[in-house]
Amino acid sequence: MKKLLCMTLIAGISVAAYSQADYKNAIGIRLAPGSYYDAFAFSFKTFVSNAGALEFNAGGGSKSRSYYWNNDYNSRRPFGLSVSGTYQHHFKIPVEGLRWFVGGGLSAYNVFSKDSRYEGFGLGIYPTGGIDYKFPAIPLNVTADIRPTIFLSKPDYNDSFNGANFGISARYVINGR
C-alpha cells in the first residue's frame, strides 16, 4: 500500500512539474454574467513559468436589477468598472491542449450611481479554479472558471460575497509554443 501511495505521489508531482504551456501570451474577452461590476472584461493572460500564469482583466457592467431613487422606481442601474489580477497554476489533463488550474486573485471596482447607497469603491479577494483549452490548429484559447469573491470593502447595498462569479473567456494566442 505504501508503494502504491508513493508511486501515485511521484506520478502526480511529475505531471505537475512538467506541465507545459501550449502558448505564452493571449488576449481577448471574459464574460461573467453573475457579476455586475465585471460582466464584460478585456482579458490578458501570460505564462510566467511552464505551469504558472497571470491573468489580468479590465471591464465593467451594470446591476441587472433597477432600484428606487428619490421614491421613484425606474430603470436606474448602477454601473461599475473593475480591474483584477489572478495567479493560476495549471495541471495537464490527458487531452492535448486541455489543462485545469487553481489559484487566486484580487479585484478592485468602482460603482457609479445617483444613489449613494450603491455608489463607491469595492475590493475583493477570491480563489479561482477552472479549465483552459488551447486549440491545436488555430490560435484560440478558451477558459471556463469560477471566482467566488469575498469583498473586504464595498458600497453599502452591495453584497459581501459573490459566489456566482462564473466566467468564460476567449482569447487570441499572440505567441504559441
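- Aromatic rings from Tyr133 and Phe135 are positioned such that their centres are separated by under 6.0 Å.
- In the hydrophobic cluster analysis, where Ile, Leu, Val, Met, Phe, Trp and Tyr join through side-chain heavy atoms closer than 4.5 angstrom, Phe101 is grouped apart from Phe91.
- In this structure, Gln88 CD and Glu55 CD are separated by 5.0 Å, a value rounded to the nearest 0.5 Å.
- Taking CG from Asn175 and CG from Asn25, the interatomic distance works out to 4.5 Å, rounded to the nearest 0.5 Å.
- Here the CG atom belonging to Asn57 is positioned 11.5 Å from the CZ atom belonging to Phe44, to the nearest 0.5 angstrom.
- Both Phe56 and Ile27 are assigned to one and the same hydrophobic cluster, defined by single-linkage of ILVMFWY side chains at heavy-atom distances under 4.5 Å.
- Lys92 contributes atom NZ, which lies 10.0 Å from atom CG of Leu98 (distance to the nearest 0.5 angstrom).
- Atom CG of Leu140 is separated from atom OH of Tyr23 by 10.0 Å, given to the nearest 0.5 angstrom.
- Ile125 and Val83 fall into different hydrophobic clusters, where Ile, Leu, Val, Met, Phe, Trp and Tyr residues are linked whenever their side-chain heavy atoms come under 4.5 Å apart, directly or through other members.
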Side-chain donor/acceptor pairs under 3.5 Å, residues 103-112, sequence neighbours excluded:
from: Tyr109; atom 1: OH; to: Asn158; atom 2: ND2; distance (Å): 3.3
from: Asn110; atom 1: OD1; to: Phe121; atom 2: N; distance (Å): 3.4

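- Residues satisfying the side-chain contact (heavy atoms from CB on, under 4.5 Å) criterion with Phe166, sequence neighbours excluded, are Ile146.
- Ile138 and Ile168 are members of different hydrophobic clusters when ILVMFWY side chains are connected at heavy-atom separations under 4.5 Å.
- Residue Phe42 places its CZ atom among 12 or fewer non-hydrogen atoms of other residues, nucleotides or ligands, all under 6.0 Å distant.
- Using a 4.0 Å cut-off between charged side-chain N and carboxylate O, Asp159 and Lys154 make no salt bridge.
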